[in-house]
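Position 1 is the first residue of the sequence; numbering continues from there. These values consider heavy atoms only, across backbone and side chains, with no hydrogens, waters or symmetry-generated copies. Order of appearance sets the numbers: ligands from 1, and atoms from 1 within every ligand.
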Amino acid sequence: MSDSEEETQDKQLKIVILGDGASGKTSLATRFAQEAFGKQYKQTVGLDFFLKRITLPGNVSVTLQVWDIGGQTLGGKMLDKYIYGAHGVLLVYDITNYQSFEDLEDWLGMVRKVNEEAERQPNVALVANKSEDAVACPRGAGVDLEHMRTVKADKHSRFCQENGLSSHFVSAKTGDSVAVCFQRVAADTLGIKLNKAEMEQSQGVLKAELVDYREASGLREYRAAAAAARCDKSSVCSVQ
Ligand SMILES: Nc1nc2c(ncn2[C@@H]2O[C@H](COP(=O)(O)OP(=O)(O)OP(=O)(O)O)[C@@H](O)[C@H]2O)c(=O)[nH]1
């Protein structure tokens, strides 16, 4: 085996998941690493770890060390230590909880502060969780949460653009687009481009059509942003 092959096989990246309590960080980590989802909320105290090996384009094998940080750690004295050395960050909010979106300024502020002297800042993805009802369910099931959505797509997009974040609409519950946001931060870190097919491959049901009455209730813009986020490698919010 050549040196470069060996090097490729040994890659490990630290990916930190941040965001308010109950936004779905543990659910995203368990969906990604264990393909499981639990309805019951159990608060993470401190942090949890997960490991998952993925293969990126070019047959690059990389192990992601996923650090699931409890939402209560914001303002606590351990948070900077948890963030330190991260290659990638998932900034997670719950689309039905506006406060969880507003608080991302603080979470992102911590990421920037901890890395202010580092050679490079980690790649950060903005992750709108609990999006199953807006982007995945063609009709019927899940309409309730969509009606409860409080964070509009234009706010999400603006936050991405202003801060140079990649953009993701996901559901830990259904699994939609969960893998791709982890892949994206890993790929960005390693300077690997994911093409359209690779982005779509891990998205499955997200291509389902939405019914018209939802379009009428202002979903068109949201859908366009979600489509851009998941299908277009030159997405408006991509990390340059
Ligand atoms: N409908 C829906 N519920 C979700 C989704 N993701 C998580 N939940 C629920 O939201 C609640 C909180 O999820 P957690 O994953 O524990 O949240 P957390 O961000 O890790 O919370 P802390 O440990 O307090 O930081 C749980 O009841 C989950 O079942 C989702 O995509 N859709």
Please confirm whether [X] comes within less than 3.5 Å of ligand 1 when only nitrogen or oxygen atoms on both sides are compared.
| X | value |
| --- | --- |
| Q40 | no |
| G70 | no |
| S131 | no |
| A22 | yes |
| A172 | yes |
| K173 | yes |
| Q43 | no |
| G24 | yes |

Problem - side-chain contact (heavy atoms from CB on, under 4.5 Å) involving N115 - partner list, sequence neighbours excluded - result: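 Partners of N115 by the side-chain contact (heavy atoms from CB on, under 4.5 Å) criterion, ordered by chain and then number, come out as I83, V111, A118, Q121, P122.
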
Practice task
Would you mind telling me if ligand 1 is within reach of the side chain of V170, the backbone, both or neither, using heavy atoms under 4.0 Å?
Solution key: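 Neither part.
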
Completion exercise
Any heavy atom of K130 under 4.0 Å from ligand 1? The part involved is both

Exercise for the section: Start with the C-alpha distance between N163 and L108, add both sets of side-chain angles, then the distance that settles side chain to side chain contact (heavy atoms under 4.5 Å, CB included), and finish with yes or no. Expected result: CA-CA 9 Å; N163 296 290; L108 183 60; 3.5 Å; yes

Handout entry: Side-chain donor or acceptor of N129 paired with backbone N/O of A172 under 3.5 Å
Key =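 Yes.
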
Run the numbers for me: atoms of ligand 1, each under 4.0 Å from some heavy atom of [X], listed by number.
| X | value |
| --- | --- |
| D20 | 19 (O) |
| G21 | 21 (O), 22 (P), 24 (O), 25 (O) |
| K39 | 26 (C), 27 (O), 28 (C), 29 (O) |
| G38 | 28 (C), 29 (O) |
| K25 | 15 (O), 17 (O), 18 (P), 19 (O), 20 (O), 21 (O), 22 (P), 25 (O) |
| T44 | 22 (P), 23 (O) |

Practice task
Look at atom CD of Q99 and say whether more than 12 heavy atoms of other residues, nucleotides or ligands are closer to it than 6.0 Å.
Solution key: yes

Exercise for the section: Nearest 0.5 Å please: distance from the OG1 atom of T55 over to the CD atom of Q183. Expected result: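 Going from OG1 on T55 over to CD on Q183, the span is 9.5 Å.
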
Problem - pair I69-T44: side-chain heavy atoms closer than 4.5 Å - result: no

Practice task
Decide yes or no for D20 and N97: does some side-chain heavy atom of the first lie under 4.5 Å from some side-chain heavy atom of the second?
Solution key: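 Heavy-atom side-chain distance check fails, nothing below 4.5 Å.
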
Problem - The single option from T73, V114, L18 passing side chain to side chain contact (heavy atoms under 4.5 Å, CB included) against Y82 - result: T73

Problem - Output field: ring centroids Y93/Y98 closer than 6.0 Å - result: no

Exercise for the section: Would you please indicate yes or no on a ring centroid separation below 6.0 angstrom for F101 and H156? Expected result: no

Exercise for the section: Run the contact test for T30 against ligand 1 with a 4.0 Å cut-off on heavy atoms, strictly below, and give the result. Expected result: no

Practice task
Run down the list A29, S27, G19 and name the one with the heavy atom closest to atom 14 (P) of ligand 1.
Solution key: S27

Exercise for the section: Would you mind telling me which of K14, H87, Q12 makes a side chain to side chain donor-acceptor pair (under 3.5 Å) with Q65? Expected result: Q12

